[in-house]
Amino acid sequence: MRRLGLADIRAGLADGAFSAVELAEDRLAALEGAEALNAVVSPMPDRALEAARAADRRRAAGEPALPLDGMPVAVKDLFCTEDVRTTASSAMLEDFVPPYESTVTANLIAAGAVLAAKTNLDEFAMGSSTATSHFGPAVNPWKATGDARPRAPGGSSGGSAALVAASVVPAALGTDTGGSIRQPAAFCGIVGLKPTYGRCSRWGIVAFASSLDQAGPLTRSVRDAAILLGAMAGHDPKDSTSARQPVPDFEAALGGGVRGLRIGVPREYRVDGMPEELDALWRRGAAWLEEAGAEIVDIPLPHTHYALPAYYIVAPAEASSNLARYDGVRYGLRTPAGTVEEQYARTRRAGFGAEVRRRVLIGTYVLSAGYYDAYYTKAQRVRRLIARDFEQAFERVDAVLTPTAPTAAFPLGEKMDDPIAMYLNDVFTVPASLAGLPAVSVPAGLDAEGLPLGLQLIGRPFDEETVLRAAAALEEAAGFDAEPEFVR
Amino acid sequence: MALDRATVERIAALARIDIAEDEQDALAGELSAILGWVETLNEVDTADVAPMTSVGGHRLPWRSDEVNDGGYPDRVLANAPDAAGAFFAVPKVVE
């Protein structure tokens with residue numbers, strides 16, 4: 001049952017090859033056996049088995065199968081889950097037990113999913129390695145050939161990505177603010193999709209940067225990403241930025257092929273110091289799509305170079321505002337002191353790790369009197385130019401092909417003492433985030449060290465269907481079927 | 001822009017985060033490096049560009065001003081570090 005994806009599980013349950021309870025028990029045992037990945041913050045075995053029993057009861061009663069009936073899914077520990085602690089991998093929320101369920105996880109439960117575990121992440125989703133977690137780093141199931149050093153799974157959705165890559169669960173939920181689904185997907189050799197901003201409700205997701213945060217699926221196939229996204233998406237009155245867009249049948253879009261599609265290749269993504277084999281893989285990806293009938297078009301995205309610095313003003317600014325709520329009064333950690341002012345400052349010192357403190361301080365500075373226009377307003381103006389670059393590109397092309405991350409997975413612990421080196425991980429993913437566009441990472445090959453590399457496809461707003469179609473073509477051409485060391 | 005210790009202290013006070021005195025120099029260095037890097041944005045001419053405050057630009061929805069949730073103070077207070085009756089409790093703020 002280890003290698004079964006969501007589509008396989010749907011077929012297996014329908015045929016009676018196994019029951020949902022058998023599958024859940026098997027996957028819960030696999031979760032227990034995957035402790036070395038440090039990918040789980042809180043397991044949910046009781047809740048999972050109850051959901052699996054309900055799926056079996058429905059089938060026994062002859063009811064039509066729900067879209068995710070009996071399918072095990074792991075959940076990034078940033079989604080609030082009713083009566084199951086939700087930590088954001090922070091000391092601040094170590095004992096926080098939400099009295100409510102996030103809209104996206106509620107949608108999955110209503111679709112019959114078996115939520116199996118809450119997964120490790122960078123603290124408050126701030127990071128590209130899952131090493132800023134209060135619970136210690138998650139570990140990538142992949143290792144380089146002849147190199148025993150454990151690797152980072154990427155981040156911030158690193159626990160989710162590691163579990164899917166190690167075939168512990170068939171699918172997991174992540175969130176992506178500047179690349180936190182796509183970069184770990186690339187590092188772990190799986191599929192990760194960031195939907196259009198507004199496609200999935202943000203209600204009940206611990207907020208990082210509200211104009212950028214978006215939930216999405218991590219899976220081992222493009223088809224499974226389409227299946228999971230379909231159940232996650234939809235308008236939600238509880239999120240004022242949730243879009244009133246109909247949810248198409250994403251899976252039905254997959255068979256479309258790419259014949260006649262125009263795929264843009266942006267010259268500005270060919271950055272200094274990019275490994276030659278990544279550049280070669282990118283060219284190969286374009287050739288694969290061309291052989292499948294797409295037309296490759298060289299396009300300019302002239303402001304690409306400025307996306308990352310703009311992001312590192314906008315995201316910390318929003319974070320400093322969102323994280324103001326952690327004051328030791330209503331929930332979360334409290335470090336008592338004589339006055340309420342002292343209590344705030346001590347609580348926030350004790351509850352936030354170094355990277356979160358750094359970002360809150362940067363955000364506070366760029367929003368402070370005298371600096372607001374020079375930093376924050378300037379970054380918002382540049383953000384518009386980046387969005388405009390894409391609007392102009394999409395007058396000529398249907399999707400854009402780029403690498404997902406500038407390198408393969410690095411060894412655990414690297415880049416931790418150099419914030420900017422860590423931020424550069426997101427150089428290819430941040431532009432689509434700033435523009436609010438849907439983007440997917442597809443595993444496309446292994447580098448010379450045997451580590452996975454991903455290619456990214458970016459699409460028009462609310463055109464996940466074209467993104468998924470092109471991703472399916474890329475997936476088929478790449479034929480990526482390598483398995484990580486952890487499962488060999 | 002290079003931040004000095006006094007500025008770091010001021011930002012930390014605004015952010016309500018205790019920073020130990022012996023951390024201020026290292027933090028000033030890190031924050032200065034990040035600010036120096038983001039200042040590459042000054043190379044971009046944005047004179048005629050309006051700030052982008054949200055994606056998609058759809059109008060914020062309205063709803064009627066009616067209570068549609070609540071009435072369970074125990075659940076609201078369940079995660080409170082300290083509560084008194086149906087209230088959150090904090091150290092005395094008014095003499």
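Below, read A as the first sequence line, B as the second, and so on, with proteins coming before strands; counting in each chain starts at 1. Note that this is a predicted model, so its numbers are computed, not measured.
Side-chain contact between B:Val49 and A:Arg383: absent, with no pair of heavy atoms (C-beta onward) separated by less than 4.5 Å. Looking at heavy atoms from C-beta onward, B:Leu35 lies in side-chain contact with A:Tyr365 at the 4.5 angstrom threshold. Using a 4.5 Å cut-off on side-chain heavy atoms (C-beta onward), A:Thr241 and B:Ser54 make no contact. Here the side chains of B:Ile17 and A:Thr364 are not in contact, with every heavy-atom distance at 4.5 Å or above. Looking at A:Val366 and B:Val38, their side chains never come closer than 4.5 Å, going by heavy atoms from C-beta outward. At a threshold of 4.5 Å between non-hydrogen side-chain atoms, the residues B:Leu27 and A:Arg357 do not count as touching.
Rounded to the nearest 0.5 Å, atoms CG (B:Asn42) and OH (A:Tyr375) are 8.0 Å apart. Once rounded to the nearest 0.5 Å, the distance linking CG of A:Asp418 with CD of B:Glu30 reads 9.5 Å.
Using a 4.5 Å cut-off between heavy atoms, A:Ile420 touches chain B through its side chain atoms alone. Only the side chain of A:Tyr197 comes within contact range of chain B, with at least one heavy atom under 4.5 Å from a heavy atom of that chain. Only the backbone of A:Leu434 comes within less than 4.5 Å of a heavy atom in chain B; its side chain stays farther off. Heavy atoms closer than 4.5 Å to chain A are found nowhere in B:Arg63, neither backbone nor side chain. With a 4.5 Å cut-off on non-hydrogen atoms, B:Ala78 does not touch chain A at all. Heavy atoms closer than 4.5 Å to chain B are found nowhere in A:Phe462, neither backbone nor side chain. Proximity to chain A is limited to the backbone of B:Asp45, based on heavy atoms less than 4.5 angstrom apart.
In terms of non-hydrogen atom pairs under 4.5 Å with chain A, the most contact-rich of B:Ile19, B:Leu41, B:Thr53 is B:Leu41. Counting heavy-atom pairs closer than 4.5 Å to chain B, the top residue among A:Val360, A:Thr377, A:Leu308 is A:Leu308. Between chain B and the residues A:Ala310, A:Pro419, A:Ser320, the most heavy-atom pairs under 4.5 angstrom are made by A:Ala310. The choice from B:Asp18, B:Thr7, B:Asp82 that makes the most heavy-atom pairs within less than 4.5 Å of chain A is B:Asp18.
With hydrogens and angles ignored, the 3.5 Å screen pairs a side-chain donor or acceptor of B:Arg75 with a backbone N or O of A:Pro99. Distance alone, capped at 3.5 Å, is enough to place a donor-acceptor pair between the A:Lys378 side chain and the B:Val44 backbone. B:Asn79 contributes a side-chain N or O that, together with a main-chain N or O of A:Val97, makes up a donor-acceptor pair within less than 3.5 Å.
Nearest approach of B:Leu14 to A:Ser368, heavy atoms of both residues: CD1-CB, 4.2 Å. Shown here for A:Arg381 and B:Pro51, the closest heavy-atom pair between the two residues is NH1-CD, 3.8 Å. Looking at every heavy atom in both residues, B:Val55 comes nearest to A:Ala435 through CG1-O, 3.8 Å. Scanning all heavy atoms of the two residues, the minimum distance from B:Ala12 to A:Leu361 falls at CA-CD2, 3.7 Å. Considering all non-hydrogen atoms of both residues, A:Gly328 and B:Pro81 come closest at O-CG, 3.5 Å.
Listed by sequence position, B:Phe88, B:Ala89, B:Val90, B:Pro91, B:Val93 are the residues of residues 84-93 of chain B in contact with chain A, using a 4.5 angstrom heavy-atom cutoff. Within residues 347-355 of chain A, the residues having any heavy atom closer than 4.5 Å to a heavy atom of chain B are A:Arg348, A:Arg349, A:Phe352, listed by residue number.
For B:Glu43, the CD atom counts as densely surrounded, since its 6.0 Å shell holds more than 12 non-hydrogen atoms of other residues, nucleotides or ligands.
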